[in-house]
Amino acid sequence: MVSALVILQLLPLLGALLVWLLPRILANSRQLDSPRQLDSPRQGVLAGWLTVLFALAQFVLTLSLMPNWGVAQLPFLGVTLSFCFDPLAATALLVISGATVAASLYALRSKDAAGAPARGSAFYALILLVLFGTSGVALARDLIQFYLFWEAMLIPAWFLVSLWNEDPAKVKATGLKFFIITHIGAVLMLASILWIFSLAKTTNMDLLITFLPSLPLATLVPMTMLFLMGFVVKLAIFPFHTWLPDAYTSAVMPVTLTLVGVLTNIGIYGFARFLPFFPSNAAAALSLPLLIAAVVTMFYGGIQALVEKNVKRIVAYSSISQMGYVLFGFATLTTFGLSGSILNLYNQAATKLALFMALGMVAEAAGTWQIDQLGGWAKRLPLAAVVAVTAMLSLVGAPPTFGFWPELLTFTGGFASGQILLSALALVASVLSVAYALRLIRFVFYDPLKPVGNMGTDFKSVPIFLARTPWTGNLALVACFLILLFFGVYPAPVYRLVQGALAFLGLGG
Amino acid sequence: MTAQLAGLLLFLIPFAGALLIPLVNFFAPRAVPWLAVLFGLASSVIAFFLLGGTPAGAPITLDILPGFFRSGLLLDPLSLVPALIATWIGFLVLIYSLGYMKGEENLARYYALVLLFIGGMVGMALADNFLALFFFWEVMGVCSYQLIAFFYKDPKAAAAGAKAFLTTKIGDIGLLAAIIILAVNSGSFSFSVNFGAAAGLALPVLGLAAFGFILGAAGKSAQFPLHVWLPDAMEAPTTISALIHAATMVNAGVYLLARVSPLLALVPWSLTLVQWIGAITALLGALLAAFSNDLKRILAYSTVSQLGYMVLAVGMGAAFASQFHLFSHAIFKGLLFLCAGAVIHAIGTRDIRQMGGLYKHMPAVAITFLIGAMALLGLPFLNGFFSKDFILEEIILGGAWGPLALALIAGALTAFYALRTTFVVFWGKPNYQTHPHKTPANMVVPLLALALACFLSWLLVGPLSEAWIASGLPAPALSALELIRVTFSSLAFLFSLAAIVVGFFLFLQRARLARYFHEQEPGWIRATSRGLGFDDLYTWLADRIRDFGVWVRMFWEERVMEGINRFAAWGSLGLSRLSCRLQTGDVHWNLLYVTLTLIVVLGVALW
């Protein structure tokens, strides 16, 4: 068990090293004029496939380990590392490794806007490092270990956001903004961890679970709040959301996919792990403020998505709004709400990856992100259109797509917690979601085809269907599409896993 | 085959078709329409197993959310009527589509969505719990959105699809809230558990749930004030209009109200609310239909109006009467839409002022349209006559005089617009420019079938009421003969006859009316041409929300939130500049700092 978990943990790190070194070793055998050529697109293809392979290996390993839940202690350099593999950790690992597969498949063949640097082996190594950090976050059973991995995931993400950027003018600003704001959250979390350590003299979570309830409520509430701040910032809850639209929009698409599929989801995971970890009376005191923040976030993100003109930014704001629903589910503190939000780990990843990839294909072909320059793309990219519509439906929680089930459970949690008014407001916010999602689909895919750049409206001359977009991207797109539809019709398999996760957290099940 | 299995297959077959068609389209696109018809035929045949005499069989259930939600089938007459209507009329629409949609692009998408739509309606009706009902309810919403926007390159169609989805979504959140409120209290989504637990609920909670159900039904069945999406939905292919109006979608709201009528009965004000919503919608729809010149819009408003009657019936506590009218309406409105489709197909316009005299070119269509229109206005011995009078009778029995008055005015207007439309389109002076196309045979066959059904369908009242009573639903014991006797001896008959006469009189005076309206142009007539201002009001509201969004986006987000970020950045930069001043690099200053620090440290240590 120990060795299996250590392999699970180290696999992305090994992958990152290999991805970084292998093209260099191969290149050394040939003569190169300048080291810049190391990051040439040709090296990138090899690195990209290695990344896909390693992320896929982690995904498969997680699947094969799945029924063997357990905790493993590993003495290492004088400290004891503690890994925990339970259904929740498995859920997180499946989602982040799956999302990394999708992101690197998409990255393999897509072309960035002019001005963005080429994606070579360094790029893919960083993607795997993010996966390494997030895997550590998912597996950690010790607070300091948790924090170290949390930082280990932020730093490569920062490099990705600030180096692979479509917007050279703002490259420093967006990268720094992303790093500083998310880091504020991380530091608050560290403060809470140190506070806990000063009182309990341990950071092992299994020991802390019995210790924490002995603390007075006046200590517990600020302690819990400080800890959760790390995740609140990561989810981009209002008013800590300002890093998200800039980071999502200015980064190149594959980086955005990593942010969406890996980093945001690890924030959801953090909530699921630590909200039940703190004693229920502390969480209860925070329930109402978090619920209100959640509802405000839903409306705030939604209304901006409704008027925004940049397609990528629309999805970024919609992501903020969706995270409002996730937080709402958690903040209800009911098993319904919690299962809804954990289910959202799967759903949000699949939905938003699909939406971003489909829109990314459109933008790549059109050469613009501006919604008023797009239109009629269903004719040119039918696959992207079908997937985008499905993802949009999942985003607004309409059956027969996956998004319906988390939304149902979230609202059930809301009404079950007795917060009728806030739950009703959350329902009203879903009408806003429909409004911006329909606007997005309509003006990108429907309406008459608008000529963009050197392309005329004569689409007959363009070859039809799949050939027009890279097959690796299409593969990732279709995978997301099938997930959205299958679990939309029959959510029982993932719901069982979520129930298992809740049982391990000591709730319901 | 057991009834349970037949019920399951009734919606699984269309779903299988919807799944298969996109795949078949890859290698045999020409087979797609026929494949769709085949799937429609298969479920139509299966439907006969549900008519009675089939053993019920073991309940078929599926664990959707293990431990929380298990879904099953409910086969009673209330659920079977909408399911069978969806299957059979859906099948006719599929046949008709063979001719009507010939040569259009994206036929795979069309047929897959139509099958999904039909399956969604059947699934909705046969669900034994609120959650599965809602699931399929939303599937229909998705299908309607996609099908209304089928000609997506046309901005009007794209907008109409979005409008339909958004408007019905407003109703849907009410329905979802009602379902969740009930489920949270009873711990289950099933109808029977919730109806049992409802009596124990506090009245405000029950009232909230009742209001949610009414809102949901109003959205789906295009009831006042959420009726605005249905006229715009006419941008869809006419076959889809027929499907939405006769077989699927709008019937769902009426079915829902009939299904939850035991719950509504527990909340005193809710039935009154339902009555007035129905009556106002009936009048509003008829009024707008009378002043429309777009053939499909006339029929759309007419649907709004007829649904109003059905909702009114549910409000009177007469679920049977509402379902009986739903049955009749599905037949004659399906017929009218398919006729309209044939006309539009032939001359390529929807404006009735550019039609006229089409009887010469398409007598079969003209005669069947006339039959449908007569059933709509309630001419004796057609199905619409019996079912509408049934509703009026129930209103009189219930003593709801206000809604009755509205319903009767609506009846007169119905007679007027039905006569006007038929006459202008088929017998008036020809005004069209092009040479009319011939109507293909596969489009005529469904028309004849439906026209025949307009004469005969009311005969089924006997078996229908027997089945209702047998499964414990509230219904009067009626045979067809009994229905004739009761109908002709009732006060309602006189009233509706009077309404038809008034409508006929208005029709005769239409030239004078037109002159009056043209010369005087009273304010309200201009308002009717704009849908009585509902669209304007909602557009205004949406614009205000958008203005607010622009303010949030441009001022709050860009200035205030980013301002805070900039202020923080500027502040820390300033602080660092300030502290830079201390780093002069001058040894004297540094020695001073060292000395000062030593003094402070020593002082603290000694003290």
Side-chain angles (χ1 to χ4, degrees), chain A residues 176-177 180-181 238-239 241-242 245 300 302-308 317 336 339 376 378-379 382 386 389 393 396-401 404-405 407-409 411-412 414-416 420 423-424 427-428 430-432 434-435 438-439 441-443 445-449 490-492 495-496 499 509, chain B residues 15 22 62-69 105-106 109 116 120 131 134-139 141-142 145-146 149 152-155 157-159 161-163 165-166 169-170 172-174 176-177 179-181 183-184 208 542 545-550 552-554 556-557 561-562 564-565 568-569:
Chain A
L176 265 184
K177 191 175 175 187
I180 291 175
I181 296 180
F238 178 87
H241 65 278
T242 50
Y300 191 79
I303 198 128
Q304 305 219 50
L306 192 62
V307 296
E308 177 57 52
Y317 279 120
F336 292 125
S339 21
K379 184 73 210 172
V386 168
V389 168
L393 292 173
V396 304
T401 54
F404 172 65
W405 302 102
E407 198 169 293
L408 170 81
L409 289 166
F411 292 138
T412 309
F415 281 102
I420 305 286
S423 309
L427 272 170
V428 172
S430 69
V431 177
L432 197 59
V434 173
L438 287 175
R439 166 176 177 260
I441 294 298
R442 184 185 157 194
F443 289 111
F445 290 106
Y446 294 176
D447 282 1
L449 191 63
Y490 188 60
Y495 185 75
R496 274 201 198 95
Q499 293 307 299
Chain B
F15 285 163
L62 182 66
D63 245 348
I64 306 286
L65 300 175
F68 180 42
F69 168 49
E105 283 179 353
N106 300 319
R109 187 159 61 96
L116 192 64
L131 191 55
F134 184 76
F135 183 90
F136 290 117
W137 178 279
E138 289 280 274
V139 168
V142 169
Y145 157 58
Q146 283 293 311
Y152 62 85
K153 276 175 268 175
D154 177 3
K163 185 175 178 181
F165 197 50
L166 192 61
K169 180 76 185 176
I170 292 171
D172 292 350
I173 62 167
L176 184 60
I179 290 171
I180 292 177
I181 286 171
V184 163
L208 215 57
I545 292 174
R546 192 171 305 134
D547 288 350
F548 177 67
V550 171
V552 170
R553 178 76 192 86
M554 299 321 283
W556 186 261
E557 176 82 352
M561 299 308 293
E562 284 298 319
I564 292 171
N565 286 343

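Sequence lines set the chain letters: A, B, ... in the order given, protein chains first and strands last, and positions in each chain run from 1.
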Chain B contact via A/Leu427 - which portion, at a heavy-atom distance below 4.5 Å: both
Intermediate values then yes/no, side-chain contact (heavy atoms from CB on, under 4.5 Å), B/Arg553 and A/Tyr317: CA-CA 11 Å; B/Arg553 178 76 192 86; A/Tyr317 279 120; 3.5 Å; yes
B/Ala159, part contacting chain A, at a heavy-atom distance under 4.5 Å: both
For chain B, the option from A/Ala424, A/Gly414, A/Ala378 that forms the most heavy-atom pairs under 4.5 Å: A/Ala378
Contact winner vs chain B - A/Ala305, A/Ser423, A/Pro491, A/Gly302, heavy-atom pairs under 4.5 Å: A/Pro491
Interchain contact, B/Phe136 with chain A, by part (heavy-atom threshold 4.5 Å): neither
Among A/Phe238, A/Phe443, A/Trp405, residue most engaged with chain B (heavy-atom pairs, under 4.5 Å): A/Trp405
Choice from A/Arg439, A/Lys177, A/Arg442 maximising heavy atom contacts with chain B below 4.5 Å: A/Arg442
Mutual orientation of the aromatic rings belonging to B/Phe135 and A/Phe404 [parallel < 30°, tilted 30-60°, perpendicular > 60°]: perpendicular
When B/Asp63, B/Asn565, B/Asp154, B/Ile181 are compared by non-hydrogen pairs under 4.5 Å with chain A, the top option: B/Asn565
Best-contacting candidate, B/Leu166, B/Asn106, B/Leu65, against chain A by heavy atom pairs under 4.5 angstrom: B/Leu65
Residue pair A/Tyr495, B/Phe69: steps toward the side-chain contact (heavy atoms from CB on, under 4.5 Å) verdict: CA-CA 11 Å; A/Tyr495 185 75; B/Phe69 168 49; over 6 Å; no
Closest-packed option against chain A by number of heavy-atom pairs under 4.5 Å, given B/Ala149, B/Gly67, B/Pro155: B/Pro155
Heavy-atom pairs under 4.5 Å with chain A, option from B/Leu131, B/Ile170, B/Leu208, B/Asp172 with the top count: B/Leu131
Region of B/Ala177 in contact with chain A, defined by heavy-atom distances below 4.5 Å: both
Option in B/Trp137, B/Phe548, B/Trp556, B/Tyr152 with maximal non-hydrogen atom pairs under 4.5 Å from chain A: B/Tyr152
Contact origin within A/Tyr490 toward chain B - heavy atom pairs under 4.5 Å: side chain
4.5 Å side-chain heavy-atom contact, A/Leu408 and B/Phe134: no
Which portion of A/Val389 sits near chain B, non-hydrogen atoms under 4.5 angstrom: side chain
A/Phe336 side chain near B/Val184 side chain, heavy-atom distance below 4.5 Å: no
Smallest separation among heavy atoms of B/Glu557 and A/Pro245, with atom names: OE2-CG, 4.4 Å
Non-hydrogen side-chain atoms of B/Tyr145 and A/Ile441 separated by less than 4.5 Å: yes
Chain A interface, residue from B/Ile545, B/Ile173, B/Leu62, B/Val142 that has the most non-hydrogen pairs under 4.5 Å: B/Ile173
Spacing of CD1 belonging to B/Ile180 relative to CG belonging to A/Leu409, to within rounding of 0.5 Å: 9.0 Å
For A/Val396 against B/Lys169, the heavy-atom pair lying closest together: O-NZ, 3.8 Å
